[in-house]
Every structure is written in C-alpha cells, then in structure tokens.
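A quick write-up on the structure given underneath.
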Amino acid sequence: MRFHTRKWVKPEDLNANGTLFGGRLLEWIDEEAALYTIIQLENQKVVTKFMSEIDFKASAKQGDIVEIGIEVVKFGKASLVLSSEVRNKMTHETIITISNIVMVNLGEDGKAKPHGKTKVEYVSDRLN
C-alpha cells in the first residue's frame, strides 16, 4: 500500500473522548480517495458510491501524525475500486481499514461514464 497523505491530529479533530473523531477520519479518507481517482481517471467529476465495512483498529490522539494509504483493488467500466489503510506515522500502528471504496467516473451529464482505464498509471507513464 502506498501512503500518499499525512494529517496532523489537532484539537478540532477530537471527539468527546479526546481521540480522533471517526467522522473526521472518514472525511480525510473520502477526500484522499477522490483525489486519487481524479488523478488516475483524469477527470475531476467523480463521486463516492460505496464504502464497505469500516474497521476501526486503534485510536489516534492530539499531536499524532496519521498517514492515509490508498491502493487500487480493481478497475470497473465506469468505476475504480480502492482500499484504504490509515496508520500512525511514527508507530505504524493501523488505525482503520476499509476494504472497498467504489468511486464512479461521471460525464458532463452527471451520469456514470466509462473511463477506459485498466491499470494504475504514474506520471512517468503519461510522459512517455
């Protein structure tokens, strides 16, 4: 899994227990999945359709640095299925895993549109 983004847990990210609020973490994951999909599919019009079981394994506290990992599970006709893991940057302890995040490519009409992609592309692939 490649870890693309780091977030610093600040006071405004905490729940009543003084740990990272799960909703904030899901917001970060959803944003990372959208950015990853936009770059892979080369289209700014994408939406989150589905997130599978969300497995909270550990908590994070104020001052922790967490990193968000995204990996492609498969390319669909008009979708991209991703998995995600968030871990503590310093200890590498897994905080949350999500096995399937389905992102859908949209056309100008706002409906699902085939993207024609079949594999992960990197900047170096697009420059050749």
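Because the structure is a prediction, the values reported are computed rather than measured. Side-chain atoms are counted along with the backbone in the values below, which use heavy atoms only and exclude waters and symmetry mates.
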>> For the CG atom of Asn100 and the NZ atom of Lys74, what is their distance to the nearest 0.5 Å?
In response: 8.5 Å
>> Does any part of the side chain of Glu71, heavy atoms only, come nearer than 4.5 Å to the side chain of Arg2, both counted from C-beta?
In response: no
>> I'd like to check Met103 versus Thr48 (side-chain heavy atoms, cut-off strictly below 4.5 Å). Are they in contact?
In response: yes
> Going from CD1 on Ile68 to CZ on Arg6, what distance comes out if it is rounded to the nearest 0.5 angstrom?
Replying inline: 11.5 Å
> Got more than 12 heavy atoms from elsewhere within 6.0 Å of CZ, Phe3?
Replying inline: yes
> When rounded to the nearest 0.5 angstrom, what is the spacing between OG in Ser59 and CG in Leu25?
Replying inline: 11.0 Å
>> With a 3.5 Å distance limit and no angle check, can you tell me whether Asn15 reaches the backbone of Asn17 through a side-chain donor-acceptor pair?
In response: yes
>> Between Asn43 (side chain only) and Leu106 (backbone N and O only), is there a donor and an acceptor less than 3.5 Å apart?
In response: yes
> If you group Ile, Leu, Val, Met, Phe, Trp and Tyr by side-chain heavy-atom gaps below 4.5 Å, do Trp28 and Ile96 land in one group?
Replying inline: yes
>> Hydrophobic clustering (ILVMFWY, side-chain heavy atoms < 4.5 Å, transitive) - are Val81 and Ile29 grouped together?
In response: no
> Would the number of heavy atoms belonging to other residues, nucleotides or ligands and lying under 6.0 Å from CD of Glu12 be above 12?
Replying inline: yes
> Any donor and acceptor pair, going by atom type alone, linking the side chain of Glu32 with main-chain N or O of Gly69 inside 3.5 Å?
Replying inline: no
> Got a second to check how far Ser99's OG is from Leu82's CG, nearest 0.5 Å?
Replying inline: 12.0 Å
> Can you get from Leu26 to Ile70 by hopping between Ile, Leu, Val, Met, Phe, Trp and Tyr side chains that sit under 4.5 Å apart?
Replying inline: yes
> Taking all atoms of both residues into account, what is the closest heavy-atom pair of Ser84 and Ile101, and its distance?
Replying inline: CB-CD1, 3.9 Å
> Where the side chain of Asn105 meets the backbone of Ala78, is there a donor-acceptor pair that is under 3.5 Å apart?
Replying inline: no
> Below 4.0 angstrom, N of the basic side chain to O of the carboxylate: do Lys10 and Asp13 qualify?
Replying inline: no
>> With clusters defined by side-chain heavy atoms of hydrophobic residues (ILVMFWY) lying less than 4.5 Å apart, directly or transitively, does Leu35 cluster with Val46?
In response: no
>> To the closest 0.5 Å, what do you measure between CD1 (Ile95) and CD (Glu67)?
In response: 9.0 Å
>> Has His115 got a side-chain atom pairing as donor or acceptor with Val104's backbone, closer than 3.5 angstrom?
In response: no
> Sub-3.5 Å donor-acceptor pair from the side chain of Asp30 to the main-chain atoms of Glu27, do we have one?
Replying inline: no
> Hey, mind stepping through Met90 and Asp64 against side-chain contact (heavy atoms from CB on, under 4.5 Å) and telling me if it holds?
Replying inline: CA-CA 8 Å; Met90 305 310 278; Asp64 284 350; over 6 Å; no
>> Tell me whether Met51 shares a hydrophobic cluster with Leu20, the cluster being built from Ile, Leu, Val, Met, Phe, Trp, Tyr side chains joined at under 4.5 Å.
In response: yes
>> Closer than 4.0 angstrom, basic N to acidic O: yes or no for Lys117 and Glu42?
In response: yes
> Hey, does Val120 have a side-chain heavy atom less than 4.5 Å from the side chain of Tyr36?
Replying inline: yes
